[in-house]
Protein chains: 2
Amino acid sequence: MEALFNYFEQFQKLSTADKQAIAATCSIKKVKKNEIIEAVGSASTTIYFLKSGIARTFYYKEGIDVTEYFALAGNIVARAQSILTRKASAKAIQIIEAGELIAINMTKFFQLFDTFPTIERLFRRILEASYLDIIERLESLQFHSAKERYVALLEDMELIQKVPLKYIASYLGITQVSLSRIRATYHSNAMLKS
Amino acid sequence: MEALFNYFEQFQKLSTADKQAIAATCSIKKVKKNEIIEAVGSASTTIYFLKSGIARTFYYKEGIDVTEYFALAGNIVARAQSILTRKASAKAIQIIEAGELIAINMTKFFQLFDTFPTIERLFRRILEASYLDIIERLESLQFHSAKERYVALLEDMELIQKVPLKYIASYLGITQVSLSRIRATYHSNAMLKS
DNA sequence: CTATTCCTTTAACAAATGATAAATAATAGA
DNA sequence: TCTATTATTTATCATTTGTTAAAGGAATAG
């Protein structure tokens with residue numbers, strides 16, 4: 001549970017009482033590669049902190065598997081829209097690399113807000129950070145070419161190395177064939193430089 | 001000020017004390033067409049509620065004017081990243097259609113959070129709603145063609161009618177010429193149907 | 001270890017979008 | 001109203017990305 005608190009305290013200092021209350025909403029879960037931990041069609045009431053492993057959210061757009069985003073160890077993965085709207089979700093969460101999760105029951109977690117204002121504040125600050133992340137991603141999609149987006153993603157070596165390219169393509173908003181072509185030209189050019 | 005409170009109470013019921021505290025952070029501002037109410041380079045501490053008029057946020061990407069988003073009357077416009085990070089912003093806010101704004105001093109507003117938990121909750125809920133909006137926009141950019149994005153925007157007749165197309169093009173992530181071409185093919189096809 | 005399946009790349013052609021320039025339309029200011 | 005400016009459309013060609021098909025490589029189950 002320490003890993004989760006360390007993560008949380010990047011956003012908000014927590015008292016012992018806060019931590020105890022949070023701990024009561026959590027459970028540990030081991031997950032295997034390719035496991036679907038939340039399936040399409042259900043409403044979500046859980047967010048997951050990845051102690052280890054890699055996960056993605058995805059959905060089917062006209063039958064095609066499309067990755068919404070990835071989460072690496074030390075981060076949170078969730079079907080945020082479903083949790084915030086309490087509606088069924090067309091999205092799913094899948095494990096890409098096996099690991100261990102902390103599952104946070106958000107029904108319980110939200111109930112803590114009236115008693116523990118610090119926890120409400122923590123949630124707000126995580127939301128703020130997610131908001132900033134998503135704005136950056138929006139800008140990347142709105143104003144950068146597919147090649148630029150791929151090159152930017154190369155910064156995140158762990159992701160590129162551990163996640164199948166077929167998942168990365170749709171995350172970048174392009175087809176897998178197009179990604180393969182971009183990689184071919186990019187890497188041959190990169191070789192010329194060295 | 002009533003318009004602002006009506007807007008806020010879509011998210012969170014407010015007491016009279018809450019409203020008084022909020023009112024003390026607000027001021028009214030009349031704005032003219034094309035006026036830049038927040039300029040590139042400054043850090044923002046203000047968000048604006050549009051009683052009337054239309055605004056946009058934009059910035060220059062390699063010298064080219066790029067629209068980040070639009071706000072119609074009854075909504076909020078802000079340089080959210082700058083407010084949340086307290087850093088100088090490369091973005092600006094411009095008035096597209098003259099109107100009247102309520103400017104909320106966020107330095108003062110944030111200070112209310114410790115005393116008025118309801119106001120902190122209000123802010124969180126607005127943030128949640130913005131988060132959901134931005135996710136939808138992200139999906140639109142990630143998985144829909146420029147034509148599909150334009151057609152979706154047609155739903156918002158007010159925006160299409162009142163906002164110059166040159167601003168809409170970059171909002172859709174395409175050039176103005178490309179938008180013009182899409183309009184030409186789309187509207188001639190639409191005519192065939194009727 | 002082998003066979004099968006899945007992943008990635010490559011190729012060829014089609015479709016969409018970008019870039020530039022020029023023409024037309026609309027708007028704003030004198 | 002007239003003129004100058006700005007906005008939008010159109011045309012042409014270049015570039016990027018999509019689509020489909022096929023081939024080669026890598027991973028996995030039995």
Asks: Output the single nucleotide from C/dT8, C/dT17, C/dT10 whose closest atom is nearest the side chain of A/P164.
Replies: C/dT8
Asks: Bend angle of the helix from C/dC1-D/dG30 to C/dA30-D/dT1 from five-pair axes at both ends, rounded to 10°?
Replies: 50°
Asks: Measure from NZ or CZ of A/R183 to the centre of the six-membered ring of A/Y150 and say whether it is under 6.0 Å with the direction within 45° of the ring axis.
Replies: no
Asks: Under the rule for ring pair (Phe, Tyr, Trp, His ring centres under 6.0 Å), what residues qualify as partners of B/F109, not counting sequence neighbours?
Replies: B/F113
Asks: Scan A/E68, A/R137, A/K61 and name whichever one has a side-chain hydrogen bond (donor to acceptor under 3.5 Å, both in side chains) with B/Q142.
Replies: A/R137
Asks: Looking at DNA chain D, which of residues 167-180 of chain B put a heavy atom within less than 4.0 Å of it?
Replies: B/Q176, B/V177, B/S180
Asks: Once you round it to whole Å, what is the distance between C1' of D/dT8 and CD1 of B/I160?
Replies: 14 Å
Asks: Would you call B/E128 and A/F123 a side-chain contact if the rule is heavy atoms closer than 4.5 Å?
Replies: yes
Asks: Round to the nearest Å and state the distance from B/I182 atom CD1 to C/dA15 atom P.
Replies: 16 Å
Asks: Please state how far atom CZ in B/R149 lies from atom C1' in C/dT17, giving the value in whole angstrom units.
Replies: 10 Å
Asks: Please write out the pairs of protein N or O atoms and N or O atoms of nucleotides 27-30 of chain C separated by less than 3.5 Å, giving the distance to one decimal.
Replies:
from   : atom 1 : to    : atom 2 : distance (Å)
C/dA28 : OP1    : B/K33 : NZ     : 3.1

Asks: Is a salt bridge present between B/E100 and B/K29, judged by a nitrogen-to-oxygen distance below 4.0 Å?
Replies: no
Asks: Using a cut-off of 4.0 Å on non-hydrogen atoms, how would the nucleic acid contact of B/R181 be classed: base, sugar-phosphate, or nothing?
Replies: base
Asks: The side chain of B/L165 is closest to which nucleotide in this list: C/dC6, D/dT9, C/dT17?
Replies: D/dT9
Asks: Given atom CG of B/N34 and atom C1' of D/dA7, what is their separation to the nearest angstrom?
Replies: 13 Å
Asks: Nearest whole angstrom, please: distance from the C1' of C/dT5 to the NZ of A/K166.
Replies: 11 Å
Asks: Write down the distance between CD (B/E148) and P (D/dT17), rounded to a whole number of angstrom.
Replies: 17 Å
Asks: Does the separation of the ring centres of B/F49 and B/F5 fall below 6.0 angstrom?
Replies: no
Asks: With a 4.0 Å cutoff (strictly under), does any side-chain N or O of B/R183 reach OP1 or OP2 of D/dT8?
Replies: no
Asks: Show every salt bridge (Lys or Arg N to Asp or Glu O under 4.0 Å) that has at least one partner inside residues 69-89 of chain B, sequence neighbours left out.
Replies: B/E38-B/R79
Asks: So, B/R56 and B/D65, do they make that salt bridge, N to O below 4.0 Å?
Replies: yes
Asks: Kindly indicate whether the side chain of A/Q81, heavy atoms from C-beta on, has any atom under 4.5 Å from the side chain of A/K91.
Replies: yes
Asks: Heavy-atom distance under 4.5 Å between the side chains of A/R121 and B/D114, does that happen here?
Replies: yes
Asks: Could you tell me the separation between the OH atom of A/Y131 and the CG atom of B/D133, rounded to the nearest 0.5 Å?
Replies: 8.5 Å
Asks: May I have the distance from B/H187 (atom NE2) to D/dT10 (atom C1'), rounded to whole angstrom?
Replies: 16 Å
Asks: If hydrophobic residues (ILVMFWY) are linked whenever their side-chain heavy atoms come closer than 4.5 Å, directly or via other members, who joins A/Y60 in its cluster?
Replies: A/I36, A/F58
Asks: What is the distance, rounded to the nearest whole Å, between atom NZ of A/K147 and atom P of D/dT17?
Replies: 9 Å
